[in-house]
Amino acid sequence: MDIFKESLVSFIKTAIKEKKNIDIANEESEKLIKNPPDVSFGDYSLAAYYMARYGFKGKPEEIAEEIFNIFMPNSARIEDLFDKIEIKGAYVNFFVNKERFASGIIQDVAGSNGNYGRGAPEKPLRVIIDFSSPNIAKPFGVGHLRSTVIGMSLSNIYEFCGHDVIKINYLGDFGTQFGKLITAFCRYDDIDFDKFEVNPVKSLYDLYVRIHKEAEENPSIDDVARNNFKELEEGLVRGNAGGLEDRLGSIDGGQTESVIGTALNKGVMDNKGRQLRITKESKSRFCDSGPDGKITLWKIFRNLSKKEFEGIYEKIDIKFDYYEGEAESAVFSNDIKEILLKSGIAEESEGAVIIPLKNIKTPALIAKSDGTSLYLSRDIVTAIFRMAKYNFDKMIYVVGSEQSLHFNQLCGIFDIIKENLNEISEKDNTRFKRYASLISGRLVHVKFGRIIGMSTRKGNLVFLEDYIKEASIKAEEKLKERLKILDDSMNEAITDLGKKLAEDWDGAKGAETLINPAGDRVDLQPEKELTERKKEQISYTSLKVGIGAVIFNDLKTRRTTDVNFKWDNVLSFEGQTGPYLQYTVSRINSLVSKLGGLNYNADFSFLKSDADFNDIFLITKQISGFRDALDSAMDQNEPSVLSSYALELASLFNRYYQNYRLIGSGLDYKPRLLMLSAVRTVLTRILNLLCVPVLERM
RNA sequence: GCGUUCAUAGCUCAGUUGGAUAGAGCAACAGCCUUCUAAGCUGUGGGUCGCAGGUUCGAAUCCUGCUGGACGCACCA
């Protein structure tokens, strides 16, 4: 909060105390102060309607008058900060001292060492953010991109606001479908093993599609698959005897290493420590040797897939603190089932195990009739493990809104466990009870809308990498076009120059360079000058612009609205787009360096009489709202709040840029340079928070 | 059928948590590059905030009903 608002907050608080003898908190006082919809109404306002609850009586206009009269005799207390206080209808409007405001904000940003807006809560929260979470046998598509960038961006936001964030990628590595995959893998003889290692996810997906098709005609395949899954799960459970309570005990003791081996992180080794590979020759060894071989096979699948995903994450600069998998929790699903059955929280129904929930008609299904685990039961175990490991205050699941029911059930289950804690026997369940009871109320499902109508021109699913490629190609076209225009204007300049050298022009055309009257060398053949370095620069820039366009496209609207996908929208880099923001930053970079760099010892003051003062004031006003935008983005788990905010700031800056020249004009550019830098600081910060690459130049 | 959710300019979306005159961007049209990057800027046109009630001093925002769309509804994840 700036000093202007701060002083209003304390003034209003005191006034209410003095006049009506009511104590209110600073936060409440702050809530009374609104930002008027238009600058002509001032910078802050107090609506009479809100004051009625503190005992102010009469028509709104009369109340406004009364409040105004409180301010007037005391105006000395605030006159330094405000130019004008006026009544307008039911509102008392405050006009800040613009010169003080503008220079104050610029000074704040300059003094923040690039950390303007960073939060430092008294009690930082420990927040787990579970996002991206692709299925290892399904290609990484645009749906996962949404979860990935929303999750990453929320992680960045919480962290920047001073909280302790743990980013987890919870791989979809388990479930009935893996029985299907194993079945398919062992069934078909024509698998291309080289392709399998290079592109495992696609290969697994193809297998899945193939067996699914075959199962439609031959339902017995489904039975084989279910059996294979059962074998897989039971095999894992057998290998990890001990049960949930023991496991929680070892987590308490600091042993957080995965129970199903370190496969997820280190690769799958044979007993001599060599990396295990599947080949045409070794395949039968995995397929025909009972559960152990199949478990190994499955471990290799998930390991290869994980590696492939990591390549994608690296490309778009996404990082996780931990990778987890569902399988880990599947091992203990049975223990959960037993506890909940014994305590009466869960009950049997048609051979399966369900938990009836309040307010939700569909009962939660936590075990299938063949005893194997389900998505929901694994999520219960996972949440308990995470509470034991990380003691989180809040856990956010960034998952599509189509899974609302699932997460409502998950939350409902922990509520019921907490309510019925006494029904669960203390014996052998102490740790379970401790951790499970803490979870209620701490889970948040951050849902997002679907992406509708996205397909290639042939109507197929779009893979993320192709999506980015498409955007990058478009960016490259645009970039080359711009360079060409630059060249053309350069040639025009040369033509002007050429008037002087008209006689020599033909000859000059063949020359590589020309010396202009100022003594600069002018390249005549920019095409030829497209050196390797330049080409590299172009493809680098294009890639980052493409990525920026794609990511920003996912973060610019509120998460819950479905995205109506249109190629034209993503491939346009004008207006409310990522490239527009990137462009704005690189424009500032260029300007700052042309003005000779920053000097923080410069004078921060602006004069009301300056031609550009009003626009500078508007820019600083926008900058001052950064903290609010951050808070609001965090409270609502909504990155788009920052997107809108950044677009507004960029737009204000670009207008300024267009209207006033800094080079060669009479304006004192030193304080303005700091203003530029402040805009850049905030925009760069937001781009970082939103996972949009920042470009030095474009 | 039940549940969740959405409906704002031709299109894509904002709308400060119930407050002042509903705003942007695309697209259309008209302008602006001898001068700091035109991925930019300026201007014009474009609205019964799905419909009907209700609550309130005050509703795009809250409640009810209706219409229309999306998603979900026990052995998938």
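Treat the numbers as computed from the prediction; the structure is a model and nothing was measured. Chain letters run A, B, ... following the sequence lines, proteins first, then strands; residues in each count from 1.
Using a 4.0 Å cut-off between a side-chain N of Lys or Arg and a carboxylate O of Asp or Glu, A/D631 and A/R627 qualify as a salt bridge. A salt bridge links A/K480 with A/E476; the closest basic N to acidic carboxylate O contact falls under 4.0 Å.
A cation-pi arrangement is not found for A/K447 relative to A/F407, the charged atom failing to lie both closer than 6.0 Å to the ring centre and inside a 45° cone about the ring normal.
For the pair A/Y645 OH and B/rC13 C1', the computed distance is 20 Å after rounding to whole Å. Atom P of nucleotide B/rA22 and atom CG of A/D38 are separated by 12 Å, given to the nearest angstrom. Regarding A/I380, its CD1 atom lies at a distance of 15 Å from the C1' atom of B/rA77, rounded to whole Å. In this structure, A/L405 atom CG and B/rA77 atom P are separated by 15 Å, rounded to whole Å. Between A/E30 atom CD and B/rU16 atom P the separation is 17 Å, expressed in whole Å.
Between A/S349 and A/K594, the residue anchored closer to the 5' end of RNA chain B is A/K594, taking for each the nucleotide with the nearest heavy atom. Both A/E402 and A/K88 sit near RNA chain B, but only A/K88 has its closest nucleotide nearer the 5' end.
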With 3.5 Å as the limit, what N/O pairs link the protein to nucleotides 9-11 of chain B?
none

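Using modelled atom types, one finds a donor on one side chain and an acceptor on the other under 3.5 Å when comparing A/N654 with A/Y580. No side-chain donor from either of A/T382 and A/E324 sits under 3.5 Å from a side-chain acceptor of the other. Side chains of A/Q636 and A/S632: a donor on one and an acceptor on the other come within 3.5 Å. For the residue pair A/S45 and A/K88, no side-chain donor N or O sits within less than 3.5 Å of a side-chain acceptor on the partner.
Base pairing of B/rG31: its partner is B/rC41, meeting the Watson-Crick or G-U wobble criterion (both donor-acceptor distances under 3.5 Å). Pairing for B/rG1 is with B/rC73, a Watson-Crick or G-U wobble pair whose two hydrogen-bonding atom distances lie under 3.5 Å.
The same atom, P, is picked in B/rA9 and in B/rG15; the two are 15 Å apart, to the nearest Å. For the P atom pair drawn from B/rC33 and B/rU42, the interatomic distance equals 16 Å after rounding to whole Å. Between the C1' atoms of B/rG43 and B/rC49, the separation comes to 26 Å (whole Å). Spacing of P atoms, B/rU48 relative to B/rG1, comes out at 31 Å, to the nearest Å. Comparing the P positions of B/rU5 and B/rC62 gives a spacing of 11 Å, expressed to the nearest Å. Comparing B/rU67 with B/rG10, their P atoms are spaced 25 Å from each other, to the whole Å. Only the C1' atoms considered, B/rA7 is 14 Å distant from B/rC66, to the nearest whole Å. With both ends at atom P, the span from B/rG18 to B/rA38 equals 43 Å, rounded to whole Å.
Among the atoms of the strands shown, base atoms are found under 4.0 Å from some heavy atom of A/A352. Note on A/S632: nothing from the nucleic acid sits closer than 4.0 angstrom, heavy atoms only. Among the atoms of the strands shown, base atoms are found under 4.0 Å from some heavy atom of A/S45.
B/rU17 shows a glycosidic angle within 90° of 0 and is accordingly assigned syn. The glycosidic torsion of B/rC33 lies within 90° of 0, placing the base in the syn range.
Contact annotation: A/K447 does not reach the phosphate of B/rC71 (side-chain N/O to OP1 or OP2, under 4.0 Å). Remark: A/T561 is not in phosphate contact with B/rC6, judged by side-chain N or O atoms under 4.0 Å from OP1 or OP2. In terms of phosphate contacts, A/R226 brings no side-chain nitrogen or oxygen within less than 4.0 Å of OP1 or OP2 of B/rC75. Taking 4.0 angstrom as the limit, A/K556 places none of its side-chain polar atoms (N or O) nearer than this to OP1 or OP2 of B/rU12. For B/rC71, neither phosphate oxygen OP1 nor OP2 lies less than 4.0 angstrom from any side-chain nitrogen or oxygen of A/S401. Between A/R450 and B/rU5, a side-chain N or O to OP1/OP2 separation shorter than 4.0 Å is absent.
Checked against the 6.0 Å centroid criterion, the rings of A/F174 and A/F178 do not qualify as a close aromatic pair.
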Classify every nucleotide of nucleotides 40-47 of chain B by which part a protein heavy atom approaches to under 4.0 Å, writing B for the base, S for the sugar-phosphate alone and - for neither, in 5'-to-3' order. BSS-----
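Annotation: side chain of A/R680 is in contact with side chain of A/N589 (closest heavy-atom distance under 4.5 Å).
Comparing B/rC2, B/rG72, B/rC75 by their closest approach to the side chain of A/K361 singles out B/rC2. Closest to the side chain of A/R378, out of B/rG15, B/rC57, B/rA77, is B/rA77.
In this structure, A/F41 packs face-to-face on the six-membered ring of B/rA20, meeting both the 5.5 Å centre cutoff and the 30° plane limit.
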